[in-house]
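For reference, the structure discussed in these notes is given below.
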Amino acid sequence: MNGFDIHSVIAILRQEVRQWQSPAVTIVSQREGDPFKVLISCILSLRTQDTTTSPASERLFALATTPDTMMLLSKDEIEAAIYPVGFYRNKAGQIIDICRQLVADYDGKVPEEIDQLLMFKGVGRKTANLVVTLGYGKPGICVDTHVHRICNRWGYIATRTPDETEKVLRQCLPSEYWLGINDLLVTFGQNLCRPLSPYCSRCRIAVSCKKLGVSSFR
DNA sequence: AAAACGGGGGC
DNA sequence: GCCCCAGTTTT
């Protein structure tokens with residue numbers, strides 16, 4: 001990597017982030033401390049934009065906010081509430097299944113361990129880590145596509161899959177950065193380092209960026 | 001009109 | 001590893 005070490009980059013981003021709006025982080029922050037809401041929000045957000053997920057989750061949580069009450073909703077009710085998130089039919093079924101499983105096997109409480117969370121259908125490493133960090137405030141590294149893209153763009157690491165990125169970050173990233181790294185990079189990713197046409201001319205770490213796979217810059 | 005977008009499951 | 005999943009947004 002040229003130019004900045006990771007401490008410098010994080011320090012710079014922390015300064016920059018203060019002046020930006022961050023819709024996704026706001027949605028996520030609203031769920032903070034409620035592992036069940038974090039979990040359900042994550043399911044809804046799979047392969048769908050956050051601007052779509054947010055109102056859908058509001059509609060669903062208006063109907064039920066706990067596994068025992070949510071499992072009583074009909075599939076149609078849930079589908080109607082969460083439309084038009086992607087895969088809304090599958091997700092409605094998954095949500096009911098997860099609620100039933102939580103009530104039957106975990107006394108209605110979302111488990112705190114990654115390995116237990118991964119047993120649920122529809123829960124992968126991103127979701128599991130988000131529940132652990134955001135829901136329970138425990139150490140973890142949540143790698144979504146923002147984190148994956150940005151880490152690879154600016155050259156800190158070179159990985160092919162988000163799971164691999166998480167593994168590398170667990171080895172290389174000082175633990176004091178773990179809890180905040182997702183919020184920080186997602187905010188950066190939405191405001192400047194966007195997937196398409198990022199605002200590289202305004203980016204203070206662009207000098208050490210590989211700009212992978214990006215065709216248009218401003 | 002066509003490509004890009006975002007996680008996980010199943011094989 | 002590779003392909004599929006649905007609906008919205010960007011080019």
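Numbered from 1 within each chain, the chains take letters A, B, ... in sequence-line order. For clarity, every value in this text was computed on a predicted model and none was experimentally measured.
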**OP:** In whole angstrom, give the distance that lies between atom CG of A:Asp97 and atom P of B:dG9.
**Re:** 12 Å
**OP:** Have a look at A:Arg149 and say if it touches a base, only the backbone sugar-phosphate, or nothing, with a 4.0 Å heavy-atom cut-off.
**Re:** sugar-phosphate
Original post:
Does a nitrogen or oxygen in the side chain of A:Ser45 sit under 4.0 Å from OP1 or OP2 of B:dG6?
Top reply: no
Subject >> Among C:dA6, B:dA4, B:dG8, the nucleotide that comes nearest once only the side chain of A:Leu196 is considered >> reply: B:dA4
Subject >> Listed nucleotide nearest any side-chain atom of A:Tyr88, set C:dG7, B:dG8, C:dA6 >> reply: C:dG7
Original post:
Relative to the ring of A:Phe120, is the ring of A:Tyr106 parallel (under 30°), tilted (30 to 60°) or perpendicular (over 60°)?
Top reply: tilted
Original post:
Counting side-chain heavy atoms from CB outward, which of C:dT8, B:dG8, C:dT11 is closest to A:Thr52?
Top reply: C:dT8
Original post:
Between A:Ile82 (CD1) and C:dT8 (C1'), how many Å, whole number?
Top reply: 15 Å
Original post:
Which part of the nucleic acid, if any, lies within contact of A:Asp144, taking any heavy atom under 4.0 Å across all strands shown: a base, the sugar-phosphate backbone alone, or nothing?
Top reply: sugar-phosphate
Original post:
Taking the side chain as C-beta and beyond, is there a heavy-atom pair between A:Leu192 and A:Arg202 under 4.5 Å?
Top reply: yes
Original post:
Quick one: A:Ile43 CD1 to C:dC5 C1', roughly how many Å, whole number?
Top reply: 15 Å
Original post:
So, A:Lys91 side chain and A:Leu44 main chain: donor-acceptor pair closer than 3.5 Å or not?
Top reply: yes
Subject >> Which residue lies more 5' along DNA chain C, comparing A:Phe87 with A:Tyr83 via nearest heavy atoms >> reply: A:Phe87
Original post:
Tell me: CD of A:Gln49 to P of C:dA6, nearest whole Å?
Top reply: 17 Å
**OP:** Please say whether more than 12 non-hydrogen atoms of neighbouring residues, nucleotides or ligands are located less than 6.0 Å from NZ in A:Lys75.
**Re:** yes
**OP:** Go through B:dC5, C:dT8, B:dG8 for me and flag the one nearest to the A:Leu46 side chain.
**Re:** B:dG8
Subject >> Atom-to-atom span, CD of A:Gln190 to P of C:dT10 - whole angstrom >> reply: 12 Å
Original post:
Can you check the A:Arg194 CZ to C:dT10 C1' distance for me, whole Å?
Top reply: 10 Å
Original post:
Under a cut-off of 3.5 Å for both distances of each Watson-Crick or G-U pair, what dot-bracket string does DNA chain B give, using [ ] for crossing pairs and | for inter-strand pairs?
Top reply: |||||.|||||
Original post:
If the P atom of C:dG1 is compared with that of B:dG6, how far apart are they to the nearest Å?
Top reply: 23 Å
Original post:
Once you round it to whole Å, what is the distance between P of C:dT10 and CG of A:Asp50?
Top reply: 13 Å
**OP:** Name the nucleic acid region contacted by A:Thr145, choosing base, sugar-phosphate or nothing; use a 4.0 angstrom heavy-atom cut-off, strictly under.
**Re:** sugar-phosphate
Subject >> Proximal nucleotide (of C:dC5, B:dG8, C:dT9) relative to the A:Lys126 side chain >> reply: B:dG8
Original post:
Who passes side chain to side chain contact (heavy atoms under 4.5 Å, CB included) against A:Val132, sequence neighbours left out?
Top reply: A:Ile114, A:Leu117, A:Lys138
**OP:** Can you establish whether the number of heavy atoms outside A:Lys211 located under 6.0 Å from its atom NZ is more than 12?
**Re:** yes
**OP:** Could you check A:Leu118 against A:Thr48 and say which one's nearest nucleotide on DNA chain B is further toward the 5' end?
**Re:** A:Thr48
Subject >> Residues A:Glu58, A:Arg31: salt bridge by 4.0 Å N-O rule >> reply: yes
Original post:
Would A:Arg125 and A:Glu166 pass as an ion pair if we require N to O under 4.0 Å?
Top reply: yes
Original post:
Out of B:dG9, C:dT9, C:dC5, which has the shortest distance to the side chain of A:Lys121?
Top reply: B:dG9
Original post:
For the side chain of A:Arg89, counting heavy atoms from C-beta on, which of B:dC5, C:dG7, B:dG10 is nearest?
Top reply: C:dG7
Original post:
Given atom CG of A:Leu44 and atom C1' of C:dT8, what is their separation to the nearest angstrom?
Top reply: 16 Å
